[in-house]
*Asks:* 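Before anything else, here's the structure in question.
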Amino acid sequence: MSDATPLATTDALFFERADALLDRAAAERIVREGLAGTDDGELFLEYRESENISLDDGRIRSAGFDTSYGFGLRAILGEEAGFAHAGEISEAALKRAAATVSSVRAGRSGTASLAPQASNSRLYSPDNPLGAGSFAGRTNVLGEIDAYARSRDSRVVQVSASISGEWQAVQIIRADGTRVADLRPLVRMNVSVVVENDGRRETGGTGLGGRYGYERLIDPATWKGAVDEALRQALVNLESRPAPAAEMDVVLGSGWPGILLHEAIGHGLEGDFNRKKTSAFAGLMGQRIAAPGVTVVDDGTLPDRRGSLTIDDEGTPTNRTVLIEDGILVGFLQDRLNARLMGERATGNGRRQSYAHAPMPRMTNTLMEGGTATTEEMISSVKRGLYAVNFGGGQVDITSGKFVFSASEAYMIEDGKIGAPVKGATLIGNGPDSLTKVEMIGNDMALDPGVGTCGKNGQGVPVGVGQPTLKISGLTVGGTAT
């Protein structure tokens, strides 16, 4: 692990390079003058290296490396925000940006907000994963994945795999001269396997990743486990039959199925939607919105997790924020702007995709805490229903809370026993309503393997999800069986 502090490392990147066009003193002066008389704002400096290597049927399909470098400057007064960004870090560009964002004042003035409290925690190594090992070595691992998958089962007809990584260095400077920085590694692997038997083809896939180095991903035990899981899912789907369409009890598996919680409930608990009263949960603070036993938290402080951040993109340390406690709505996810306007505290959830985007309230790692029931108890309590183990895509309407999610691995439950696998099952419901239908909560809370990316207002950020196995009564299941 590097001994250099994030501030020292980012100073070297932004201000001390031989070709630097901006020095630190000038940056602080321009920010101070440009944000004078505003309520809040910051200069967000970013350097990012990223690479992606993908393989399809034994051949490298694409390989790329990219470096981005720039800043975003924001000034806030009341509910209004001025934002400007540039793909270069220079004194001239920063002066132009300051002139642009300062127009938000329009003859008015505000009261400067206090800077976020500093944090000395490190949730992940600051080292650049792209600097470890070799590009060729990572490419070779993909070839080994292809060969291994084909050796496991003669029905494998296609293998796709990818490895990606990035290193993001950020520094945030406020008008009062406060500076914070973070060095963020992020890696990910995906494996997809297609199997064929008697003319029928089915696919299985899995992924994993987090804020750590490549060494975890390219360890043979890790990637072989990923291949085995993708193959298992594909072979299960090969035996599946069309899912029926009906209202039935549903048992949701632990871990990645928490994506339903993230989409159908988590977004509705973000501060901007509630301040603007466009969320299905607006105005319900302190009221029961879920069944007893349901506790939902957003935790950005979990070490090495994909959704974790030492500080958010406004410089606020991330937190473990309780959103629903024993069924009662107790909190929202807040960035600095919405927290100030709602008279609440920022929770460390101000996030942005890059320097070219303004921050807004976003989730980090959103999970439901575990209960006491076992999976066997939940399955045995269902006369006829669905056991949804894994999910693919889905969508939700924030205002109404209505959602549609497709299950990538699911089984029928018949007379309290797991039956045949089914394909084409979709879960249709309403997030707030579904929370009240949780009947049993498992003792097996698990986090997803590290593959989540959340979209909001055109911005994508890495996130994590998690939950225990859950039994939910009376969900609508869409299917194709007649």
Side-chain angles (χ1 to χ4, degrees), residues 35 38-44 72-83 85 101 104-105 108 110-117 119 172 174-175 178 180 262-263 265-287 289 296-301 307 309 311-325 329-354 357-366 396-399 401 431-432 454-461 463:
L35 302 188
T38 64
D39 291 327
D40 208 349
E42 71 287 312
L43 172 64
F44 180 86
L73 181 65
R74 183 177 62 151
I76 300 171
L77 187 59
E79 296 187 28
E80 299 179 32
F83 180 73
H85 64 89
V101 303
V104 74
R105 292 196 297 264
R108 302 170 297 163
T111 302
S113 300
L114 295 176
Q117 184 177 358
S119 171
I172 300 167
R174 294 177 50 81
T178 302
V180 292
H262 168 103
E263 293 289 356
I265 298 160
H267 278 298
L269 298 179
E270 292 168 338
D272 50 352
F273 293 129
N274 286 277
R275 179 175 66 83
K276 298 172 184 177
K277 302 189 185 305
T278 56
S279 166
F281 298 102
L284 299 180
M285 183 65 70
Q287 298 184 32
I289 63 169
V296 177
V297 303
D298 185 87
D299 193 345
T301 70
L309 294 169
I311 55 171
D312 72 3
D313 294 324
E314 298 177 308
T316 305
T318 54
N319 288 279
R320 180 184 182 276
T321 303
V322 181
L323 303 171
I324 302 171
E325 186 169 20
L329 178 60
V330 297
F332 295 130
L333 301 176
Q334 299 287 12
D335 63 352
R336 288 177 62 85
L337 185 152
N338 285 279
R340 178 173 52 81
L341 294 174
M342 296 178 72
E344 299 183 5
R345 67 175 182 86
T347 57
N349 290 90
R351 305 190 63 189
R352 65 181 96 203
Q353 179 175 311
S354 75
H357 302 82
M360 55 185 164
R362 305 293 299 272
M363 286 172 274
T364 56
N365 303 297
T366 309
V396 62
D397 183 290
I398 300 299
T399 303
C454 172
K456 176 180 176 181
N457 294 348
Q459 295 191 42
V461 297
V463 296

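Nothing here was measured: the structure is a model prediction, and the numbers come from that model.
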*Asks:* Could you work out, with side chain to side chain donor-acceptor pair (under 3.5 Å) as the rule, every residue matching Ser113, not counting sequence neighbours?
*Replies:* none

*Asks:* Could you tell me whether Gln287 atom CD has more than 12 heavy atoms of other residues or ligands within 6.0 Å of it?
*Replies:* yes

*Asks:* Which residues pass the side chain to side chain donor-acceptor pair (under 3.5 Å) test with Arg352, sequence neighbours left out?
*Replies:* Glu42

*Asks:* Ignoring hydrogens and angles, state whether a donor on the side chain of Asp298 or Thr364 is under 3.5 Å from an acceptor on the partner side chain.
*Replies:* yes

*Asks:* Could you pull out all residues at least two apart from Asn319 that satisfy side chain to side chain donor-acceptor pair (under 3.5 Å)?
*Replies:* none

*Asks:* Taking side-chain contact (heavy atoms from CB on, under 4.5 Å) as the test, write out the residues that go with Ala282, two or more places apart.
*Replies:* Asn274, Lys277

*Asks:* Are the side chain of Arg340 and the backbone of Leu337 linked by a donor-acceptor contact shorter than 3.5 Å?
*Replies:* no

*Asks:* Main chain of Phe273, side chain of Ser279: is a donor-acceptor contact present, judged purely on distance under 3.5 Å?
*Replies:* no

*Asks:* Working to the nearest 0.5 angstrom, can you tell me the gap between Glu80 CD and Thr38 OG1?
*Replies:* 12.5 Å

*Asks:* Would you please name every residue forming a side-chain contact (heavy atoms from CB on, under 4.5 Å) with Ala115, sequence neighbours left out?
*Replies:* Arg174, Asp176, Thr178

*Asks:* Donor-acceptor pair, distance only, cut-off 3.5 Å: does the side chain of Gln353 make one with the backbone of Gly460?
*Replies:* yes

*Asks:* Can you sort out the partners of Arg351 under salt bridge (Lys or Arg N to Asp or Glu O under 4.0 Å), two or more places apart, ordered by chain and number?
*Replies:* none

